[in-house]
Protein chains: 2
Amino acid sequence: MYYSKSAKYAIQAMIYLAESNQEDLIMVSEIAEAYKIPKSFLSKITRTLGKHNLLKTTRGRNGGIQLSKSADDIKLIHIVEAIDGPEAGCERCGFGFDACSDDEPCPFHHKWGHIIKDAHSFIKTESLAELLAESLQE
Amino acid sequence: MYYSKSAKYAIQAMIYLAESNQEDLIMVSEIAEAYKIPKSFLSKITRTLGKHNLLKTTRGRNGGIQLSKSADDIKLIHIVEAIDGPEAGCERCGFGFDACSDDEPCPFHHKWGHIIKDAHSFIKTESLAELLAESLQE
DNA sequence: TGGCTTTAGGATATTATTATCTTGTTTGAT
DNA sequence: ATCAAACAAGATAATAATATCCTAAAGCCA
């Protein structure tokens, strides 16, 4: 995959929350079960998402997690960068060589760089809300 | 990056060979130095490429490696699959969920799947020779 | 032949990622 | 107040990817 497994888990969790009623508190264990993600591992991920203000957490009985803002305002890149670090969303060509820029293109630069840019602009512009809307369209 | 670091090293080595005179035997250490790849590590990779018949190896003094066939006939996918395994070139959507197929698309399926297909068809159709030709075009 | 060079191959080490476990803290319910 | 439920946090373990090291085998050359 393109990004880390952790980032994938993070996105799955965020989608789960976006699909639920936004007022509800959802338990981490519920999401973990739904997507067969190790619970403790997911819990660590949701903590990170919480620290990056992408979700709110509530402890104690009946506690859980929920989106911290509207699904419209959460882009995939926010999630990916929260988990994989700010470099993850960067649009360098990356396939080939150290010397690779628009000035000094590596053999891959044009064709591959184009694909990378598509990927980057996808996660940069796509919000959780849009994602859900599209998946329901058929 | 999209594929493993090993695959990237492999491609770099193959490009180096494609750029050289095809009759020449090139030492692994020369390539390793050129791209700052750990020599023993690259050596392991070239052995794998050799086993997959992508290059020929000659031992002993004045030995080295060379492409086993014309750069036209070597597609990137051959290299990637030799190193990362046959799954690496596969075009599953992969971002999202277990249940993800054209019939049962995950939220990412359409947009992300499209990007994946572009990437896949790039490595599937692009040969070493084409790659070099394009990089020289400016 | 003997010695040097170069790849082959396997053993081992390091690092990053993913997963698990244990204990602590917060909160609601009884 | 006490208990159980739920997330927080850090320690530890397992796995995979990357890197290093050492000895063997092959081939050239004096």
Side-chain angles (χ1 to χ4, degrees), chain A residues 1-14 16-17 20 24-68 80 82-85 87-88 94, chain B residues 1-14 16-17 20 24-68 80 82-85 87-88 94:
Chain A
M1 218 204 10
Y2 205 71
Y3 304 101
S4 74
K5 211 166 173 182
S6 298
K8 171 176 156 177
Y9 290 162
I11 289 170
Q12 291 181 314
M14 294 294 278
Y16 195 98
L17 295 176
S20 320
D24 288 358
L25 288 170
I26 309 286
M27 287 190 296
V28 172
S29 55
E30 179 181 333
I31 302 175
E33 218 166 284
Y35 295 128
K36 302 203 177 63
I37 303 168
K39 193 182 103 183
S40 311
F41 193 53
L42 181 57
S43 155
K44 192 174 288 184
I45 290 169
T46 56
R47 249 177 284 149
T48 304
L49 294 174
K51 279 177 190 158
H52 283 79
N53 257 313
L54 295 168
L55 48 77
K56 279 185 294 189
T57 66
T58 308
R59 302 218 262 194
R61 183 180 267 221
N62 300 330
I65 62 180
Q66 62 195 150
L67 295 185
S68 67
V80 170
I83 301 298
D84 287 351
E87 294 295 301
Chain B
M1 216 199 17
Y2 205 73
Y3 304 101
S4 74
K5 212 166 173 180
S6 299
K8 170 176 157 178
Y9 291 160
I11 289 170
Q12 291 181 315
M14 295 294 279
Y16 195 98
L17 295 176
S20 322
D24 289 358
L25 287 171
I26 310 286
M27 285 191 296
V28 172
S29 55
E30 179 182 332
I31 304 176
E33 220 167 282
Y35 296 130
K36 301 199 177 66
I37 302 170
K39 193 182 101 181
S40 310
F41 193 52
L42 182 56
S43 155
K44 193 172 290 188
I45 289 168
T46 56
R47 247 177 286 148
T48 304
L49 294 174
K51 280 178 191 158
H52 282 80
N53 258 313
L54 295 168
L55 47 79
K56 276 186 294 191
T57 67
T58 309
R59 303 215 261 197
R61 185 182 267 226
N62 303 329
I65 61 179
Q66 62 194 151
L67 294 186
S68 67
V80 170
I83 302 299
D84 288 352
E87 293 293 302

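Proteins get letters first, then strands, A, B, ... in listed order; numbering begins at 1 in each.
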- To the nearest Å, give me how far apart CG (B:Asp84) and P (D:dA17) are. 9 Å
- Would you indicate, yes or no, if C:dT17 has its OP1 or OP2 atom less than 4.0 angstrom from a side-chain nitrogen or oxygen of A:Ser4? no
- Task: May I have the distance from A:Leu25 (atom CG) to C:dT27 (atom P), rounded to whole angstrom?
- Result: 12 Å
- Message: Does the protein touch nucleotides 4-16 of chain D at the base, only the backbone, or not at all? Give it as B, S and - per nucleotide, heavy atoms under 4.0 Å.
- Response: -BBBSB-B-----
- Item | Student check: side-chain heavy atoms of A:Arg47 and A:Thr57 closer than 4.5 Å | no
- Query: In whole angstrom, what separates B:Phe41's CZ from C:dA8's P?
  - Reply: 16 Å
- Task: Measure the shortest side-chain to side-chain distance between B:Ser6 and B:Phe41 over non-hydrogen atoms and say whether it is less than 4.5 angstrom.
- Result: yes
- Task: Starting at atom NZ of B:Lys36, determine the distance to atom P of D:dT20, rounded to an integer number of angstrom.
- Result: 15 Å
- Nearest 0.5 Å please: distance from the CG atom of A:Leu54 over to the CD1 atom of A:Ile65. 11.0 Å
- Message: What is the distance, to the nearest angstrom, from the CG atom on B:Leu42 to the C1' atom on C:dA8?
- Response: 14 Å
- Task: Return the value, rounded to whole Å, for the distance between atom CG of B:Leu49 and atom P of C:dG9.
- Result: 13 Å
- Query: For B:Asp24 and C:dT6, what is the distance between atoms CG and P respectively, to the nearest whole Å?
  - Reply: 14 Å
- Task: Please state how far atom NZ in A:Lys5 lies from atom P in D:dA17, giving the value in whole angstrom units.
- Result: 10 Å
- Tell me, yes or no, whether the heavy-atom count around A:Glu30 atom CD, taken from other residues, nucleotides or ligands under 6.0 Å, exceeds 12. yes
- Could you tell me whether the side chains of A:Asn53 and A:Ser68 share a donor-acceptor contact shorter than 3.5 Å? no
- Item | Beyond-backbone contact of A:Leu25 with A:Asn62, side-chain heavy atoms, under 4.5 angstrom | no
- Query: Would one find a side-chain N or O of A:Tyr9 under 4.0 angstrom from OP1 or OP2 of C:dT18?
  - Reply: no
